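Input: a single structure, listed below in structure tokens.
Keep in mind the model is a prediction, meaning the values are calculated, not measured.
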Amino acid sequence: MDETIYTSSPVGKRLKAIKRNEKCCVLFNGKRVPLITKITIGREKDNDLILDNKLISRYHAYIQKIKNEYYIRDLHSANGTFVNGKQIESDKYYKITSRDTIVIANMEVSIQREL
């Protein structure tokens, strides 16, 4: 295979500049939940990530992909959502990365990019 077209040619340079769609998932208790556009988090059975804990609201928060970034939003939960030890305000989007620690009640949730 000739690598020149992929690295040196004008077409190759344009292709290299295009961001590849990264896959991402939410990690909780060793389980991976694919994050394509949006994951809802709470106690109710119709959430994407169901956390069985009385400290967690029925519809607690959600994580959403907007363009190539990920955001978390608290849905007026009773006990709040914390990112890196700080409680986030309800109804505001907070940008998160795989380096952030997300705590809902006493449970840790994180995102992980997969190649």
Side-chain angles (χ1 to χ4, degrees):
M1 177 190 273
D2 184 6
E3 292 293 320
T4 306
I5 193 167
Y6 298 108
T7 57
S8 302
S9 73
V11 172
K13 289 178 183 177
R14 283 195 303 269
L15 289 172
K16 190 175 180 181
I18 296 172
K19 285 190 175 183
R20 292 182 176 90
N21 287 337
E22 293 177 326
K23 293 180 182 178
C24 194
C25 65
V26 174
L27 297 176
F28 171 73
N29 271 353
K31 296 179 184 176
R32 294 172 182 257
V33 178
L35 177 54
I36 297 169
T37 56
K38 182 177 175 180
I39 288 183
T40 57
I41 303 168
R43 280 193 341 253
E44 280 295 316
K45 302 285 185 222
D46 59 346
N47 283 295
D48 300 308
L49 183 58
I50 302 165
L51 304 180
D52 189 21
N53 184 323
K54 293 188 187 250
L55 296 175
I56 295 174
S57 297
R58 291 179 298 136
Y59 300 98
H60 197 98
Y62 64 80
I63 298 173
Q64 183 171 4
K65 180 179 181 181
I66 301 173
K67 295 189 180 181
N68 285 325
E69 303 295 333
Y70 296 91
Y71 295 84
I72 190 165
R73 183 177 179 192
D74 183 85
L75 299 173
H76 295 286
S77 64
N79 294 306
T81 302
F82 295 80
V83 176
N84 298 327
K86 295 181 182 178
Q87 186 171 1
I88 63 173
E89 293 181 44
S90 292
D91 281 341
K92 289 191 176 184
Y93 288 89
Y94 289 86
K95 185 176 172 182
I96 55 174
T97 69
S98 58
R99 294 181 301 273
D100 292 321
T101 301
I102 302 162
V103 176
I104 297 174
N106 57 356
M107 301 181 158
E108 189 172 312
V109 177
S110 62
I111 63 168
Q112 179 180 18
R113 294 183 188 264
E114 300 174 333
L115 299 176

| request: Quick one: list whatever passes salt bridge (charged side-chain N to carboxylate O under 4.0 Å, His left out) with Lys92, sequence neighbours left out. | output: Glu89
| message | Quick check on Asp46: does its CG atom have over 12 non-hydrogen neighbours (other residues, nucleotides or ligands) under 6.0 Å away? | response | yes
| Sequence-distant partners of Asp91, salt bridge (charged side-chain N to carboxylate O under 4.0 Å, His left out), two or more places apart | Arg73
| task | Sort out for me which residue in Leu49, Asp48, Ile63 forms a side chain to side chain contact (heavy atoms under 4.5 Å, CB included) with Leu35. | result | Ile63
| query | Between Ile66 and Leu75, is there a shared hydrophobic cluster once you connect ILVMFWY residues whose side-chain heavy atoms come closer than 4.5 Å? | reply | yes
| said: Just to verify, what does Asn106 make a side-chain contact (heavy atoms from CB on, under 4.5 Å) with, not counting sequence neighbours? | reply: Asn53
| field | Any Ile104 side-chain heavy atom under 4.5 Å of Thr81 side chain | value | yes
| request: Please list, chain by chain and in numerical order, all residues satisfying side-chain contact (heavy atoms from CB on, under 4.5 Å) with Thr97, sequence neighbours excluded. | output: Arg99, Asp100
| note | For Lys38, the salt bridge (charged side-chain N to carboxylate O under 4.0 Å, His left out) test, sequence neighbours excluded, returns none
| query | Which other residues end up in the same hydrophobic cluster as Leu55, if Ile, Leu, Val, Met, Phe, Trp and Tyr are linked when side-chain heavy atoms come under 4.5 Å apart? | reply | none
| task | Verify the cluster assignment for Tyr59 and Ile39: are they in a single hydrophobic cluster under the rule of side-chain heavy atoms below 4.5 Å apart? | result | no
| query | Is there a side-chain contact between Tyr93 and Tyr70, using heavy atoms and a 4.5 Å cut-off? | reply | no
